[in-house]
Amino acid sequence: MKVSELMKGVTPNPEYKGEVQVDDMVLAVDLAEESTGKVADYLVVGDHITAIDGQLNPTTEDRTYIRKGTQTSKTGQQRSFSITGDRLEGDEFQDAALSHKIKYGRGNTVKKSYVYFNMLTGKGEKGEFVVIVNSDGGSDASTPAGIDIELRGSGGVPEDYTYSDDSGAGG
């Protein structure tokens, strides 16, 4: 499913206040062979996915100073997502992420753009990460084939992002 399909008929409200469920968060990746650059064409992570664990992984440095003690400085941050679920042939995201080109790719072939936003408010982030496939269908007999995909930040700090329908805009 593409972002344009998911967001059809949805109008985010930047002033929304209230609970947010995991299903209200949208993680979508530009996995197209030839990117249009439009968020509307990014593939949504979701069908048969049981968990999306978004992490902010800080890098810190501890220094001990005379008469001050230990001080911690934050020196960096890396965004990552861990995606687990059941393999679903025909799901656009899974088919693209588990393709031979991505599973065995290196360098820029696995570096992709993403958006992560709250569909209730439209607010989130946009950045780049590398796609790392840890498992492409392992499990026990007579159970669904499990998948495990990591997305790790690459390309600097993600930028602020507010959803807007760019499906008709130039790429």
Side-chain angles (χ1 to χ4, degrees), residues 1-14 16 18-57 78-103 105 109-140 143-155 158-169 171:
M1 170 187 311
K2 294 181 179 180
V3 170
S4 59
E5 297 168 73
L6 176 70
M7 296 301 289
K8 187 176 183 173
V10 176
T11 305
N13 175 3
Y16 173 82
E19 290 185 1
V20 177
Q21 303 293 319
V22 171
D23 288 349
D24 298 325
M25 300 303 296
V26 178
L27 174 60
V29 187
D30 188 2
L31 286 170
E33 284 290 322
E34 291 189 33
S35 174
T36 64
K38 297 177 182 180
V39 170
D41 294 330
Y42 286 19
L43 301 178
V44 175
V45 179
D47 208 355
H48 277 62
I49 300 302
T50 55
I52 298 174
D53 185 13
Q55 295 290 315
L56 296 168
N57 309 307
Q78 183 188 42
R79 164 59 93 180
S80 68
F81 294 93
S82 178
I83 300 167
T84 54
D86 298 329
R87 180 66 174 110
L88 180 63
E89 284 289 337
D91 175 70
E92 290 178 278
F93 167 76
Q94 287 192 32
D95 291 351
L98 298 172
S99 69
H100 189 83
K101 182 178 181 179
I102 298 295
K103 286 192 295 190
T109 62
V110 295
K111 189 174 184 177
K112 303 296 177 182
S113 296
Y114 77 94
V115 291
Y116 182 60
F117 65 95
N118 180 330
M119 66 191 305
L120 301 173
T121 65
K123 297 177 184 177
E125 66 188 44
K126 184 176 185 180
E128 291 183 318
F129 51 45
V130 294
V131 180
I132 302 163
V133 178
N134 294 316
S135 176
D136 64 349
S139 195
D140 296 326
T143 62
I147 62 167
D148 179 356
I149 301 170
E150 280 182 71
L151 310 172
R152 288 193 204 158
S154 179
E159 60 188 54
D160 276 336
Y161 173 77
T162 301
Y163 171 78
S164 66
D165 182 3
D166 64 354
S167 58

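Computed over heavy atoms, backbone and side chain alike; hydrogens, waters and symmetry mates excluded. These numbers come from a predicted model, not from an experiment.
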Quiz prompt | side chain to side chain contact (heavy atoms under 4.5 Å, CB included) between Val3 and Val44, intermediate numbers included | solution = CA-CA 6 Å; Val3 170; Val44 175; 4.0 Å; yes

Practice problem: Any pair with a residue in residues 118-127 that passes side chain to side chain donor-acceptor pair (under 3.5 Å), sequence neighbours left out, goes on the list, sorted by first then second residue, please. | Solution: Arg79-Glu125, Tyr114-Glu125

Self-check item: Pairs touching residues 2-13 that satisfy side chain to side chain donor-acceptor pair (under 3.5 Å), sequence neighbours left out
Solution: none

Self-check item: Minimum heavy-atom distance Ile102-Ala97, with the two atoms named
Solution: CG2-O, 3.2 Å

Quiz item: Using the ring of each side chain (for Trp, its six-membered ring), is Phe81 parallel, tilted or perpendicular to Tyr116, with breaks at 30° and 60°?
Solution: perpendicular

Exercise. Apply the test side chain to side chain contact (heavy atoms under 4.5 Å, CB included) to residues Ile149 and Val45: give CA-CA distance (whole Å), side-chain angles for both, the deciding distance (0.1 Å), then the verdict.
Key: CA-CA 11 Å; Ile149 301 170; Val45 179; over 6 Å; no

Euclidean distance, [Y] [atom2] relative to [X] [atom1], rounded to 0.5 Å:
X: Thr109; Y: Lys101; atom1: OG1; atom2: NZ; result: 7.0 Å
X: Lys112; Y: Phe129; atom1: NZ; atom2: CZ; result: 10.0 Å
X: Glu159; Y: Glu128; atom1: CD; atom2: CD; result: 9.5 Å

Donor-acceptor check, side chain of [X] to backbone of [Y], threshold 3.5 angstrom: yes or no?
X: Asn57; Y: Gln78; answer: yes
X: Asp166; Y: Ala40; answer: yes
X: Asp95; Y: Glu92; answer: no
X: Ser139; Y: Gly146; answer: no

Exercise. Assess whether side chain to side chain contact (heavy atoms under 4.5 Å, CB included) is satisfied between Asp148 and Thr84, documenting all intermediate values.
Key: CA-CA 5 Å; Asp148 179 356; Thr84 54; 4.2 Å; yes

Exercise. Begin from the C-alpha positions of Leu88 and Ile49 and carry the test side chain to side chain contact (heavy atoms under 4.5 Å, CB included) through to its verdict.
Key: CA-CA 9 Å; Leu88 180 63; Ile49 300 302; over 6 Å; no

Exercise. Let me see the working for Gln94 and Asp47 under side chain to side chain donor-acceptor pair (under 3.5 Å), right down to the final yes or no.
Key: CA-CA 9 Å; Gln94 287 192 32; Asp47 208 355; over 6 Å; no

Exercise. Report yes if the side chains of Asp136 and Lys103 come closer than 4.5 Å at any heavy-atom pair, otherwise no.
Key: yes

Quiz item: Is there side-chain contact between Leu151 and Ile83, with at least one heavy-atom pair below 4.5 Å?
Solution: yes

